[in-house]
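Notes for the one structure printed next.
Letters A, B, ... are given to chains in the order of the sequence lines, protein chains preceding strands, and every chain is numbered from 1.
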Amino acid sequence: MHISEGVLSAPVLLTGAFLSLVGLAIGLKNMKNEDIPKVAVLSSAFFVASLIHVPIGPTSAHLVLNGLVGMILGLGAFPSIFVALILQALLFQFGGLTTLGVNTFAMAMPAVLCYYLFRGILRRSKNTAFLGGFLGGGLSLLIAAILISIALIETEKSFISIAGTLLAMHLPVAVIEGIITGFVVVYLKKVKPEALG
Amino acid sequence: MKITDILFNFLIFIVIQFIFFSLSTDANAHKVSTYAYREGDKIFGECYFVDGSPCKNSKVEIYDAKGNKIFETTTDEKGKYSFTIKEKGTLRIVISAGEGHKAEYKLEGIREKIEKKEAIDNVSLKKEIQSTTPQQSIDKEEIRKIIDETLDSKLQGLRMEIMDLRKQMDKVTLKDVIGGIGYILGVWAIIMLLKRKKNAS
């Protein structure tokens with residue numbers, strides 16, 4: 001899910017960086033001070049999730065958990081994922097510093113999108129909360145796969161084939177993440193409903 | 001002002017981090033790694049992901065020192081690749097593992113060493129030709145070949161060990177994970193502190 005350094009061309013990198021900067025600015029502006037510990041914990045969760053490999057297909061796919069971050073933080077997903085990606089790039093060499101913008105946007109944007117799409121279902125009642133979390137967690141990852149494919153159009157030439165492999169590879173991961181997000185959301189709704197904003 | 005200040009502080013932090021890390025680690029490292037070694041004209045290599053799993057059926061491209069593509073092959077089921085090449089200069093091996101993953105390895109050239117070796121050999125050969133019959137100089141060639149072959153087979157184990165060591169080095173350790181979480185909490189603590197100061201003033 002992380003695009004390495006030297007794969008993308010400068011225009012793609014700059015577009016990604018610009019879009020991410022906009023997201024970061026809005027995310028940080030809307031972030032309340034008392035929300036920051038929550039953001040930090042989810043940053044850490046995102047950071048560690050990439051180490052959990054799911055052995056599927058030719059390459060090894062790993063958990064991303066961008067949906068979980070998005071469903072709980074909303075717009076705060078941008079800064080949260082950005083910080084986690086910096087450290088993944090520096091410590092694990094996942095992705096790279098130049099592709100930080102593209103990677104941040106590709107993973108945070110679907111998360112924010114799903115937050116606004118499924119917020120209603122999540123809040124309605126306890127029974128629909130799991131469904132909202134599942135859909136949000138799973139779809140965020142799949143949309144992220146599509147965004148990554150778009151970024152790779154230039155390099156891979158055939159959009160359909162790259163999007164196909166990425167989607168097929170991440171479909172099982174999306175189901176797993178959907179379930180994780182669903183349970184976390186239900187648990188939070190029971191124990192600390194105000195955490196879900 | 002608030003956001004720009006925070007972003008500015010954050011940027012400084014990132015720059016400091018970047019300088020610190022670029023000193024200690026390879027700035028060109030990737031999630032996919034590869035390693036290769038020479039054995040006469042043959043080159044053997046292996047490509048793998050951070051967790052040690054092989055990089056199957058990926059395109060391997062070999063460039064010479066001038067940046068021209070001179071050879072192309074693919075990795076097998078175990079992530080290994082090998083090819084025969086006459087070029088003795090520095091080679092750049094680029095592996096595209098697909099989905100935006102890419103690995104690079106620079107294989108140093110061996111031309112200079114061989115030339116030196118030959119030069120020394122020529123000198124010694126001339127001396128020998130002066131003193132002995134040419135029969136022995138042919139024997140010397142053969143001896144060198146035999147030594148090369150035995151050395152290659154003996155070094156095979158050592159090479160495998162180096163490959164394993166490299167794989168170990170690329171693996172993410174618990175230390176990295178715990179350190180990373182610490183950094184993340186630290187970064188957010190700084191952001192929180194800055195925000196709080198702004199609110200208080």
Side-chain angles (χ1 to χ4, degrees), chain A residues 1-8 21 24-26 28-29 31-34 36-37 39-41 43-48 50-51 53 55 58-62 79-80 82-84 86-97 99-100 102-103 145 148-149 151-152 155-156 162 165-166 169, chain B residues 2-4 6-7 10 13-14 17-18 20-22 25-33 48-58 94 96-104 170-189 191-193 195-196 198-199:
Chain A
M1 215 54 164
H2 302 68
I3 302 178
S4 301
E5 242 152 325
V7 175
L8 298 175
L21 263 182
L24 271 176
I26 298 171
L28 275 176
K29 197 182 177 185
M31 195 177 290
K32 284 180 217 134
N33 221 350
E34 57 267 28
I36 288 180
V39 178
V41 169
S43 263
S44 311
F46 182 90
F47 172 77
V48 178
S50 292
L51 293 174
H53 286 266
T59 61
S60 45
H62 53 73
S80 181
F82 180 69
V83 172
I86 294 174
L87 282 146
Q88 282 181 346
L90 290 174
L91 292 177
F92 307 155
Q93 280 87 45
F94 284 9
L97 288 172
T99 53
L100 214 52
V102 176
N103 284 334
I148 294 270
S149 316
L152 287 171
T155 346
E156 300 274 342
I162 174 75
T165 13
L166 270 180
M169 215 166 82
Chain B
K2 267 186 201 167
I3 307 150
T4 46
I6 291 165
L7 277 178
F10 201 52
F13 177 78
I14 293 164
Q17 288 276 300
F18 180 67
F20 176 70
F21 274 98
S22 57
T25 59
D26 179 9
N28 282 322
H30 303 283
K31 198 194 160 224
V32 185
S33 300
Y48 47 88
F49 289 95
V50 180
D51 64 340
S53 60
C55 205
K56 295 171 198 161
N57 308 322
S58 302
V94 179
S96 316
E99 289 94 41
H101 296 317
K102 203 172 174 185
E104 245 188 79
D170 284 330
K171 262 188 193 160
V172 171
T173 61
L174 191 66
K175 213 161 61 185
D176 294 330
V177 177
I178 293 168
I181 293 172
Y183 271 117
I184 290 175
L185 296 181
V187 166
W188 283 110
I191 294 174
M192 192 159 153
L193 201 74
K195 274 203 155 192
R196 190 167 277 177
K198 289 274 152 51
N199 289 348

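Closest approach of B:W188 and A:S43 over heavy atoms only: NE1-OG, 3.1 Å.
B:I181 CD1 to A:S44 OG: the interatomic distance, rounded to the nearest 0.5 Å, is 5.5 Å. Rounding to the nearest 0.5 Å gives a distance of 7.0 Å between CG of A:L91 and OH of B:Y183. To the nearest 0.5 Å, atoms CG (B:D176) and CG (A:L90) are separated by 11.0 Å.
Contacts with chain A were tallied for B:L185, B:V94, B:I184; B:I184 has the most, counting heavy-atom pairs under 4.5 Å.
Formation of a donor-acceptor pair under 3.5 Å by the B:K195 side chain with backbone atoms of A:I36 is not found in this model.
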